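Scroll down for the structure; my scribbles are underneath it.
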There are 2 protein chains.
Amino acid sequence: MTDTAPRPTLEAVAERAGVSRATVSRVVNGAHGVRDALADRVRRAVEELGYVPNQAARSLVTRRHDAVAVVAAEPETRVFADPYFAQQLRGISKELTAHDNQLVLLLTEGREDHARVGRYLAGGHVDGALVFSLHLDDPLPGLVRGAGVPTVFGGRPGWDDGRDDVVYVDSDNRGGARAAVRHLTGLGRTRIAHITGPLDQTSAADRLAGFRDVRADADAGLVARGDFTSGGGERAMRELLDRYPDLDAVFAANDLTAAGALRVLRERGRRVPDDVAVVGFDDMLPVAEETDPPLTTVRQDIEGMGRLMARLLLRGLDRDTAPEPTTGVSAGAPSGVILPTTLVRRASA
Amino acid sequence: MTDTAPRPTLEAVAERAGVSRATVSRVVNGAHGVRDALADRVRRAVEELGYVPNQAARSLVTRRHDAVAVVAAEPETRVFADPYFAQQLRGISKELTAHDNQLVLLLTEGREDHARVGRYLAGGHVDGALVFSLHLDDPLPGLVRGAGVPTVFGGRPGWDDGRDDVVYVDSDNRGGARAAVRHLTGLGRTRIAHITGPLDQTSAADRLAGFRDVRADADAGLVARGDFTSGGGERAMRELLDRYPDLDAVFAANDLTAAGALRVLRERGRRVPDDVAVVGFDDMLPVAEETDPPLTTVRQDIEGMGRLMARLLLRGLDRDTAPEPTTGVSAGAPSGVILPTTLVRRASA
DNA sequence: CGCGGCACAGAGAGCGCTCTCGGCGCGGAA
DNA sequence: TTCCGCGCCGAGAGCGCTCTCTGTGCCGCG
């Protein structure tokens with residue numbers, strides 16, 4: 001039952017159409033230099049036999065796979081909120097399928113997984129890789145680089161040190177943070193605190209930098225360390241209130257953190273936004289709308305990020321097959337692309 | 001830069017080890033019937049050259065790909081809450097990598113995508129497929145069936161009509177719903193309402209069935225239709241309160257719905273759980289813990305579901321390569337596997 | 001009328017691997 | 001010693017495709 005009839009080969013199609021394998025191949029692919037009459041006959045034969053090219057045979061000779069790997073460290077995507085990763089995946093998927101590429105998903109979970117991924121990428125099973133690298137000391141980027149596979153990173157890699165051949169897509173964490181804090185100052189708030197994310201992640205570090213851009217003169221004590229979870233947000237909020245009972249605004253590094261902060265504020269009898277205004281980050285959808293009050297936050301185009309990553313990768317792959325004559329890398333190759341963020345005003349600030 | 005040195009072939013390894021291709025192949029795979037001395041020489045050569053088998057060449061002859069497709073309808077995974085799908089993916093990924101299989105992700109979004117997926121599966125690029133089919137009238141299952149690819153479904157397919165060769169994994173929606181409602185009756189609640197999900201999804205239908213199992217005598221008016229979103233939960237909750245101002249418990253078809261219901265209850269001045277007890281479903285993690293009060297809900301082992309799906313598929317594939325002599329399908333083949341659910345008690349009921 | 005050129009089609013090699021089959025050497029039985 | 005059997009290894013075909021190279025027919029031009 002599982003075994004279907006043997007799939008028709010090029011040969012079979014050729015025979016049915018009364019032409020040679022080569023001609024069928026020409027038609028099935030680009031189809032240049034084949035008379036219409038013949039081409040039609042071939043197409044009809046393809047249709048009748050239900051011919052589908054054998055990808056294995058094809059890539060054996062072309063060395064192309066029309067497949068790209070998406071590599072993500074599993075525990076991190078978990079902490080970082082799953083919807084985030086899923087949305088990126090969606091964007092990637094759309095772009096890839098639009099270009100007839102397959103998406104091979106590699107989720108890693110530990111040292112041994114890294115080795116496995118390295119081997120897989122080096123094995124030349126895919127034409128390129130999209131890698132999500134969040135931590136400063138992530139071993140993945142090095143691995144991928146070692147595998148010699150064209151790669152686009154999701155999120156600014158921590159080791160963005162001089163080498164400009166690393167391509168990545170990120171959203172404007174720093175700019176978004178600035179916008180959030182400016183929004184708070186615009187509301188007349190003067191005692192503005194920040195709850196960070198885990199600072200070994202570039203997104204968290206960049207958001208902190210954005211906060212500092214606007215509040216360069218803020219007390220160091222107004223910055224409390226969180227970890228992108230609501231529990232961390234609660235802890236940090238308690239600390240902050242203990243230190244600064246008079247604070248009137250909080251910028252949380254993400255929405256989960258903000259949700260935790262909101263709970264503590266309510267518990268301590270602070271009204272939001274009247275007493276304390278709160279801004280989050282991510283616009284993580286189930287959460288940001290469900291909090292009480294709904295969260296003012298910074299939205300990023302997550303799906304767009306994914307799509308852009310895929311697009312950049314595919315473009316790079318194209319260039320490889322048809323290298324332009326200009327010397328070396330095209331002038332001013334965009335090594336990092338930063339997507340804009342927007343402030344979403346809800347009730348919390 | 002992108003192009004690395006040409007990858008070593010079996011031939012190269014053979015030459016270096018001073019043996020034939022066949023021997024290297026034997027060692028690289030099962031390694032039976034090769035003297036240890038020779039095998040060691042081969043392994044050393046593999047190591048030194050950094051040889052990795054060319055999967056395309058291999059599957060060209062073996063007709064195996066060590067890859068399975070995961071097919072999901074994109075808009076639905078969105079509505080159904082993204083973390084859900086991501087967790088399943090994680091379970092699938094773990095199981096697949098444990099068996100050296102790759103995960104090819106196919107997200108569909110419309111009619112034309114269905115055709116594309118059908119072609120892909122029929123094209124014999126993968127050894128099997130894991131398909132998430134939520135809707136009663138989902139065209140995907142039919143397509144997959146037509147493609148003649150071994151398949152395991154995620155969630156009970158709507159058309160579970162007699163044919164017992166369809167393999168699926170689902171969690172015990174009906175039993176979980178029963179447990180939730182019994183919990184409410186155990187609390188002494190007597191006026192228990194239910195907000196359903198979209199009833200063209202089997203999970204929603206099964207949860208409703210579970211509600212009815214326990215409250216067979218409940219007024220029809222105590223069942224309000226929702227859509228798995230918090231907005232739907234709000235609307236349904238308003239209806240219910242209008243119809244039954246005296247209701248003292250609500251079983252919501254999922255956590256998002258429950259979150260919406262909670263908002264309306266608060267807005268109408270009902271205390272939870274004192275006046276009205278609320279139970280959700282899913283234990284969708286960011287949400288269920290963030291609501292006020294935190295949600296009592298029914299947890300399913302989502303990751304386990306994914307893992308089980310993959311395991312069942314791989315087992316089926318194994319059988320194909322090494323068919324057991326027993327007649328036909330193994331007696332009592334588990335066509336549907338139902339995973340247990342557990343009630344998680346928090347503050348809302 | 002003959003030749004070069006062009007547009008198209010076919011023959012055939014070869015991508016890197018697996019796997020069958022045959023050969024070879026060695027040990028034990030006759 | 002001869003022969004068979006067995007364990008191990010190599011030769012070689014072939015998986016389904018692409019792509020180059022060659023061949024063929026036809027046109028235009030001299």
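Letters A, B, ... mirror the listed sequences (proteins, then strands); counts begin at 1. Atoms considered below: every heavy atom in the structure, side chains included; atoms not considered: hydrogens, waters and symmetry mates. Nothing here was measured: the structure is a model prediction, and the numbers come from that model.
- Every residue two or more places apart in sequence or in another chain that forms a side chain to side chain donor-acceptor pair (under 3.5 Å) with B:T23 is listed here: B:S20.
- In this view, B:R41 satisfies the salt bridge (Lys or Arg N to Asp or Glu O under 4.0 Å) rule with no residue, not counting sequence neighbours.
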Under 3.5 Å, which donor-acceptor pairs link side chains of residues 119-127 of chain A to any protein atom two or more places apart or in another chain?
| unit_1 | atom_1 | unit_2 | atom_2 | d |
| --- | --- | --- | --- | --- |
| A:D127 | OD1 | A:H65 | N | 2.9 |
| A:D127 | OD1 | A:H65 | ND1 | 3.3 |
| A:D127 | OD2 | A:H65 | N | 3.2 |
| A:D127 | OD2 | A:D66 | N | 2.7 |

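- Applying the side chain to side chain donor-acceptor pair (under 3.5 Å) test to B:E11 and every residue at least two apart in sequence or in another chain returns B:R21.
- Axis angle across the helix from C:dC1-D:dG30 to C:dA30-D:dT1, with five pairs used at each end and values rounded to 10°: 60°.
- By the side chain to side chain donor-acceptor pair (under 3.5 Å) test, B:T151 pairs with no residue at all, sequence neighbours left out.
- Residues of residues 9-22 of chain A having a heavy atom closer than 4.0 Å to DNA chain D, listed by number: A:T9, A:L10, A:R21, A:A22.
- B:E48 pairs by the salt bridge (Lys or Arg N to Asp or Glu O under 4.0 Å) definition with B:R16, not counting sequence neighbours.
- For B:T62, there are no side chain to side chain donor-acceptor pair (under 3.5 Å) partners, not counting sequence neighbours.
- Under the side chain to side chain contact (heavy atoms under 4.5 Å, CB included) criterion, A:L308 pairs with A:V169, A:L312, A:V337, A:L339, sequence neighbours left out.
- A:V28 has its side chain within reach of A:Y51: a pair of non-hydrogen atoms, C-beta onward, lies under 4.5 Å apart.
- Contact footprint of chain B on DNA chain C: nucleotides with an atom under 4.0 Å from a non-hydrogen protein atom, first to last in 5' to 3' order, C:dG16 to C:dC19.
- For A:D113, the side chain to side chain contact (heavy atoms under 4.5 Å, CB included) partners at least two apart in sequence or on another chain are A:T108, A:E109, A:R116.
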